[in-house]
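The model shown is predicted, which means the values in this text are computed figures rather than measured ones. Counting from 1, the numbers follow the sequence of the chain as shown.
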Amino acid sequence: MSLKIYDTARREKVAFEPIDANDVRLYVCGPTVYDYIHIGNARPLVVFDVLYRLLKASYPSVKYVRNITDVDDKINARARENGESIRDLTERTNDQFQSDAKAIGCLEPDVQPRATEHIQEMQDIIARLIARGHAYAAEGHVLFDTKSWDDYGKFANKDLEELEAGARVEVAPYKKNAADFVLWKPSDDDTPGWDSPWGRGRPGWHIECSAMSAKHLGESFDIHGGGLDLIFPHHQNEVAQSCCGNEADRGFAKYWMHNGYLMSEGEKMSKSLGNFYTVHELLEDFPGEALRLVILQTHYRQPLDFSKDKLREAKAMLDRMYGALREVADVEAVITDSDPVLDALTDDVNTAKAMAALHEAVGDLNKAATDADKAAAKGRVELAGRLLGILQQDPEAWFKGDAGDDDAGEIEALIQKRADAKAAKDFATADAVRDELTARGIVLEDKPGGKTEWRRS
């Protein structure tokens, strides 16, 4: 496979050449578990899930690590606000996150490390940074000395002097330089903390990802991903502390990928505007695949304007696709290695172009007249579905719900009652049954030969 990706560090599209083609390694920043994830959080989940699927289809071994941040000041504040323990809060919200990620079709990463399980690794990096003159301890804090590394700011295309001049908050008196960032900070008796050479405390946010990625992928690995909002300061600071603190001085991530921003209903997402949507609440009204499809329709580096209208359109689009697959349920798909969807995804994970190719394949499937043509078109649709993470349900389950739904048998009985009424030319009864089913959200589709299929609206 000839995969090209846009590398944020180089600011250009480049050919992906893994460090070891037999051991491809991917790290993506995961959630801070203190609340439900919102639709903006869902975008990187879907984007890098597609990348993971693409890499798995192309290389013999791929290791995907997505961390869980379970020590953070936001977590501490929310736990106090809720009157619950930090452990209870993080366990509950992590479970919610895992459920939501699964609902939108994301594969589980190979490793989901938790920050609280890697405190020693963080302290080891901090100790090396101090020993090498890149960090200093002051008043219970340890800070990275940004002026100790000439390359600080280059990754994010930031000038260090401009950063310091533009500081809008009062600089802490223990800082040498305004841009210096915290690696370790003190904890009081009511705040989570761990013993350290610098006193009881807890890690800064940035050091967490450096420690977890090194632990599970090695100090140098292939791709680091995340949202555009993380380039500065989070990823810039990861680069600085990892390049300066790694044990073997082997650099850090070889490639960097970032997804673009998300708007909601044409504006920046805000609770005050009423356009702030959590994945959890959206799943109450829409299937997870519809959420995923809305995200897939825009190239990952472009801004995405999310709306509930787009969700409704995505649901209708999936109905048509599943409908096409239901019509050829008895046809064995033929999948080939060469496919327009695969070509689109290898061009910087262009899901928008891949979706256009999928629509074309579905059109070909609907028009196919011979079994051979149906098998070939179905193969293209199924390959696209696997790579994009959609169309993974049985069509009947998509339209009718789980086989265990207790009203499915009743619906089938009513459909048979309608068929019997039509056969007896009792059209009043047939129409009444249809009206009853419509009121229950059941859509009937009469097919040639007298067969009637149904789906939930």
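Side-chain contact annotation: Thr191 with Asn76, donor-acceptor N/O pair under 3.5 Å absent. When only modelled atom types and interatomic distance are considered, Asn237 and Tyr152 share a side-chain donor-acceptor pair under 3.5 Å. At a cut-off of 3.5 Å, with distance as the only test, a side-chain donor of Tyr277 or Glu265 sits close to an acceptor on the other residue. A donor and an acceptor atom, one from each side chain of Tyr27 and Asn67, are located under 3.5 Å apart.
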Step by step, work out the side chain to side chain donor-acceptor pair (under 3.5 Å) result for Tyr36 and Asn41. CA-CA 10 Å; Tyr36 289 117; Asn41 304 136; over 6 Å; no
For Arg87 and Glu91, what are the C-alpha separation, side-chain angles and deciding distance, and is it a salt bridge (Lys or Arg N to Asp or Glu O under 4.0 Å)? CA-CA 6 Å; Arg87 184 68 177 181; Glu91 287 297 320; 3.2 Å; yes
Residue pair Asp319, Lys315: steps toward the salt bridge (Lys or Arg N to Asp or Glu O under 4.0 Å) verdict: CA-CA 6 Å; Asp319 284 345; Lys315 170 62 166 60; 3.1 Å; yes
Checking Leu143 against Lys176 for the side chain to side chain contact (heavy atoms under 4.5 Å, CB included) test, could you report, in this order, the C-alpha distance in whole Å, the side-chain angles of both residues, the deciding distance, and whether it holds? CA-CA 9 Å; Leu143 298 105; Lys176 289 183 179 179; over 6 Å; no
Apply side chain to side chain contact (heavy atoms under 4.5 Å, CB included) to His118 and His216, showing your working. CA-CA 11 Å; His118 296 76; His216 297 284; 2.9 Å; yes
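Test Ile104, Val294, Leu291 against Leu282 for side-chain contact (heavy atoms from CB on, under 4.5 Å) and you get one pass: Leu291.
A cation-pi arrangement, defined by a distance under 6.0 Å to the six-membered ring centre and an angle within 45 degrees of its axis, is present between Arg326 and Phe399.
Rounding to the nearest 0.5 Å places CD of Gln236 at 9.5 Å from CG of Leu160. Here CG of Leu273 is found 5.0 Å from CD of Glu267. Values are rounded to the nearest 0.5 Å. Expressed to the nearest 0.5 Å, how far OG of Ser99 lies from NE2 of His280 amounts to 8.0 Å. The line from CE of Met355 to CG of Asn350 is 12.0 Å long, rounded to the nearest 0.5 Å. Remark: Asn177 CG to Lys147 NZ distance equals 4.5 Å, nearest 0.5 Å. Here Asp88 contributes atom CG and Asn82 contributes atom CG; the two are 10.5 Å apart, rounded to the nearest 0.5 Å.
Looking at every heavy atom in both residues, Leu45 comes nearest to Ala101 through CD1-CB, 4.3 Å. Minimum heavy-atom separation, Ile19 to Lys254: CG1-CD, 4.0 Å. Pairing each heavy atom of Arg25 with each of Phe221, the nearest pair is CB-CB, 3.9 Å. Of all heavy-atom pairs spanning Val341 and Leu358, the tightest one is CG2-N, 3.9 Å. Nearest heavy atoms, Leu183 versus Ile207: O-CG2, 3.7 Å. Phe48 approaches Gly225 most closely through the heavy-atom pair CZ-CA, 3.6 Å.
A salt bridge is defined here as a Lys NZ or Arg NE, NH1 or NH2 lying under 4.0 Å from an Asp or Glu carboxylate O, and Arg92 with Asp95 fails to meet this definition. Between Lys63 and Asp110, none of the side-chain N atoms (NZ, or NE/NH1/NH2) sits under 4.0 Å from a carboxylate O, so this pair counts as no salt bridge. Taking a cutoff of 4.0 Å between a charged side-chain nitrogen and a carboxylate oxygen, Arg292 and Asp49 qualify as a salt bridge.
Counting only residues at least two apart or in different chains, side chain to side chain donor-acceptor pair (under 3.5 Å) contacts with residues 11-22 comprise Lys13-Asp347.
Between His234 and Trp205, the gap from one ring centroid to the other is short of 6.0 Å.
Below 30°, between 30° and 60°, or above 60°: for His224 and Trp256 the angle between ring planes is below 30°, a parallel geometry. Using cut-offs of 30° and 60° on the angle between ring planes, the pair Tyr52 and Tyr64 is tilted. Between Phe144 and Phe181, the ring-plane angle classifies as parallel under the 30° and 60° cut-offs.
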